[in-house]
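A quick write-up on the structure given underneath.
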Amino acid sequence: MATAAAVLPSGSQDLHVLAVDDSHVDRKVIENLLKISSCKVTAVESGTRALQYLGLDGEKGSLGINDLKVNLIMTDYSMPGMTGYELLKKIKQSSAFREIPVVIMSSENILTRVDRCLEEGAEEFLVKPVKLSDVKRLKDIIMRGETEENGGSRVNKRKLEDDGHPPLSSSSLSSSSAPSSPSSPLSPPPSTSTSTVAPFACDLGTTELPTSPLRSSKRSKLCNSD
Amino acid sequence: MDVVSQLQRQFIDYSASLHREGFVDDQFTQLQKLQDENSPDFVVEVASLFFEDCEKLINNMARALEQQQGVDFKQVDASVHQLKGSSSSIGAMRVKNVCINFRSFCEAQNREGCLRCLQQVTHEYSLLKSKLQTLFRLEQQLLAAGGSIK
């Protein structure tokens, strides 16, 4: 079974991120966020293009075998044509690329949407606008090899986070996958929109269901499955 | 006060007023922080992309809303959703807030309400554009005089 090491950059190489977003503005922003965080970026405008780039569209891909290997895929959720969710599924169905962590970005923090993505194997669900602190945290996670396969090390990481950060407002079980808490001393002051709040916080109008233990256990199933 | 300090003062004050008046929010500040020697024109570039987006989307909305044989509110909403996303990403708070209202009217299939929002969003977009152009001009002057915005 391929291990997380297979998708990590070797030695001192930078993380190569494939960013997928139909919005010009968002592509530009994520590109810069990643560059500032010392990542190599390839930004494409659609799921179809992303699959083409990876060589998953049936045609011979533009990538050489180990040329610019992709270490992380960040995709917008709502895109015309193929949604980020559909892209996620296709990637996880591919034996060549299923090990690559996929992060979903969305301006809408809808609990059922978050769950669906996580259940399909997304590494994280980030609420837009994506901040530098989100990217930095992601990079940490990826560089440490924290994928679903490493269920054990995720637990350790949560401990580390708890040491440095105040507890999240709810469902702290999912802290390793949650966007930065507004109360964390390391994150910038919260913007007027509440979009930086963790996906399971209860105060957002768009969330349809309250947090429940059932939801948490689904998450831990994800962590422990191989 | 020497020229550089004066220009710096002007830039800072103008920037602060944009925040105070709600034209931009913290996300805009975040973007300014992403500007460095490797991408010295980042904010101007993102802003340009945003204004292009605005124009395109506003036109889409206008066209959809003037359909005599029945407005496709889903189509209007799709454009508003996109605009809301872009404005959120760049920190264009007032534009974003109009979009939020706009979406409610789309959902309610209220053509009058939508048209009002369209007017508002057009207005906010022009205002913001001219404000940001002023800000960028001040920044240019400051840099040309040897100062920096950091």
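Here is how names work: the chains are called A, B, and so on, in the same order as the sequence lines, proteins then strands, and each is numbered from 1.
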When every non-hydrogen atom of B:Lys33 is compared with those of A:Ile36, the smallest separation belongs to O-CD1, 4.5 Å
How close do B:Ser89 and A:Val29 get, heavy atom to heavy atom, and via which atoms?
O-CG2, 4.3 Å
What's the spacing between B:Leu31 CG and A:Leu33 CG if we round to 0.5 Å?
7.5 Å
I need the contact set between residues 15-22 of chain B and chain A: heavy-atom distance under 4.5 Å, sorted by residue number.
none
Given that the side chain runs from C-beta out, which part of A:Ile30 has a heavy atom under 4.5 Å from chain B: side chain, backbone, both or neither?
neither
Salt bridge (Lys or Arg N to Asp or Glu O under 4.0 Å) contacts in which one or both residues fall within residues 51-66 of chain B, not counting sequence neighbours
B:Glu55-B:Lys129
Side chain, backbone, both or neither: which part of A:Asp22 has a heavy atom under 4.5 Å from chain B?
side chain
B:Gln133 atom CD, over 12 foreign heavy atoms within 6.0 Å:
yes
Sorted by number, residues from residues 40-49 of chain B in contact with chain A (heavy atoms, under 4.5 Å)
B:Phe42, B:Glu45, B:Val46, B:Leu49
Distance from B:Asp36 atom CG to A:Lys35 atom NZ, nearest 0.5 Å?
10.5 Å
Residues in residues 70-87 of chain B near chain A [non-hydrogen atoms, under 4.5 Å]
B:His81, B:Gln82, B:Gly85, B:Ser86
Looking at A:Val25, A:Asn32, A:Asp76, which one has more heavy-atom pairs under 4.5 Å with chain B than the rest?
A:Asn32
Do other residues, nucleotides or ligands put more than 12 heavy atoms under 6.0 Å from the CZ atom of A:Arg116?
yes
